[in-house]
Amino acid sequence: YDISVKIDGLTCDDELLLANHFGDKQYLRDTSGCKNGVFHFRGDTKLESGVYLVVLPKKNYFEILVSSEENQLKYSFITDTTLKPEMTKVSGSKENELFFDFNRFAVTKSRIASALSKNIEAEEDVEKKEALKKELREIGKSVAAKRNEIAKGNTEMFIGKLYTAMREMRPIDAPEGMSNEEQQKFQYLWMREHYWDNVDLGEDGLVRSPVFHGKLTDYFKSYMPPLPDTAIMMGDNLINKIEAAGSDEQYKYTVHYLLGYFEEAKYMCFDKAVWHMAKNYYCAGKAFWSDSAYVAKMCTESAKMEPTLCDKVAPDMNMPDSNFKERIRMSEIDKPVTVLVFWDINCGHCKIEMPIISRMYDSMTNEHFEIYAVYTQGDWEGWKKRLAKDKFNFINVANAFGEEKFRDMYNIRSTPQVFILDKDKNIRFKKIGAKDIANTVQYLLEEQGIVEPTKEIVSPTPEDKEKNN
């Protein structure tokens, strides 16, 4: 490639940078040489398709398109330090001729829109204000129409694929005869299935633009419910489509993005989605870009997560009580709901949470649930004194003889940790606060048909609680 750039107002004493978008970030690709006032970016191999940035000394920049299908030895741009599209001349690239033609059109419309917005704000007459708003909307439509026109006329070019991906998807009308709720569900499911119809999932260059990252973020924020199984299904479906279409860059970016997105999700049980990504992509050898040390770490962590994923049977424990005489096996607790708590007498947060749990236990009818509280440390006398002082009336056990591997089974790294189990000892909720336990117990009892629903108790939903998995 040889990209020449002449900028009135700069000399060869200055230096330009060439960068490219990648997801939501930008990365440096080259620094300019200069001769006779003309800057050049040169390289022995072609640049990959994408949206690139030419960065000036004051860190202002203008964007250009690079296409691997064009002759990159002839790219030429002439502009000045204002970087206004109308001041920029392009040659040697049809992609950029179209790109800057659109930019000139959009900037012109933007200036008109800006003036209209000020008039709308100042206008007091209601009818005139509405007329101005309509005019403003028409300007927005004209810009979208111009972009779509370029996309439709250049479907095989990178700009065509880029502008097509930017086109907003709108749901089709729901079949007649549906209720409002049914219509909303129909359109939601249609959008979830067809969201990516305008995106060429075989085009690597879309990752080197802000568009692909923006689509990913919008898709999962707008259409992913706070349910790990649905999130997993949506992620796998998208990755499978990308794999079939053939874009390695989109595949890599999506797998990496989803791992991070699921890790940061503040929803109950979303460690299941993280585990799924680790096991089925990284540990399965499909993350071919990752180094072996990272993959090994990922697989170790996912193995620690697996035993206590939601909907799995909680690993059983058979620990002695505070007298060290009787063992109590958790799986033998014959109650529809079991609250499993790991705690420590010296943990600051435990000192706040455990009294709340104790008061909750003493205030409720306990015929349908039990608490199995596991002391995690080794100060046996201190533990016994604490139990005697605070009068915890639920089951209290400890790994007094070191026989239970509860830390490994439950991946206990901090306390307190709370798991809510159903009648079959399946993990249904976890890592919730003490104040949420009563509602969660009530919800599970209602779900299992043990008690009648009560209006006073609000059923816990994952989005109600910001829980770190």
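This chain uses plain numbering: 1 for the first residue, then up along the sequence.
A distance below 6.0 Å separates the ring centres of F406 and F342.
Considering I395, N396, V374 in turn, V374 is the only one that fulfils the side-chain contact (heavy atoms from CB on, under 4.5 Å) rule with M319. Considering W196, Y195, W190 as possible partners of Y223, the one that fulfils the ring-ring contact (aromatic ring centres under 6.0 Å, His included) test is Y195.
Look at K252 and E249 and you find a salt bridge, because one of the NZ, NE, NH1 or NH2 atoms lies within 4.0 Å of a carboxylate O, short of that distance. Ion pair K129/E127 not flagged as a salt bridge, since none of the NZ, NE, NH1 or NH2 atoms sits closer than 4.0 Å to an Asp/Glu carboxylate oxygen. Ion pairing between K141 and E138 holds under the 4.0 Å rule for side-chain N and carboxylate O. Look at K391 and D362 and you find no salt bridge, because none of the NZ, NE, NH1 or NH2 atoms lies under 4.0 Å from a carboxylate O. In summary, K272 and D229 engage in a salt bridge, as defined by a charged side-chain N under 4.0 Å from a carboxylate O. Here D316 pairs with R329 in a salt bridge; the nearest charged N to carboxylate O distance falls below 4.0 Å. Ion pairing of K425 with E332 is absent here, as no side-chain N (NZ or NE/NH1/NH2) approaches a carboxylate O to less than 4.0 Å. A salt bridge between K161 and E203 is present, with a side-chain N of the basic residue lying under 4.0 Å from a carboxylate O of the acidic one.
Residues Y372 and V341 have side chains not in contact (no heavy-atom distance under 4.5 Å, counting atoms from C-beta outward). Side-chain contact check for R327 versus F401: some heavy-atom pair is nearer than 4.5 Å. Counting heavy atoms from C-beta on, the side chains of L259 and M298 come closer than 4.5 Å. At least one side-chain heavy atom of L65 sits less than 4.5 Å from a side-chain heavy atom of L162. The shortest distance between side-chain heavy atoms of L18 and L47 falls below 4.5 Å. Side-chain contact between V107 and F102 is absent, with no heavy atoms from C-beta onward closer than 4.5 Å. Side-chain contact between V397 and M330 is absent, with no heavy atoms from C-beta onward closer than 4.5 Å. Counting heavy atoms from C-beta on, the side chains of K109 and S142 come closer than 4.5 Å.
Here CE of M191 is found 8.0 Å from OG of S222. Values are rounded to the nearest 0.5 Å.
At least one cation-pi condition fails for K335 and F369: the charged atom is not both under 6.0 angstrom from the six-membered ring centre and inside a 45 degree cone around its axis. In this structure, K215 forms no cation-pi arrangement with F220, as its terminal cationic atom is not both closer than 6.0 Å to the ring centre and no more than 45° off the ring axis.
In this pair, Y163 and F99 present their aromatic rings tilted. The plane angle is within the 30 to 60° band.
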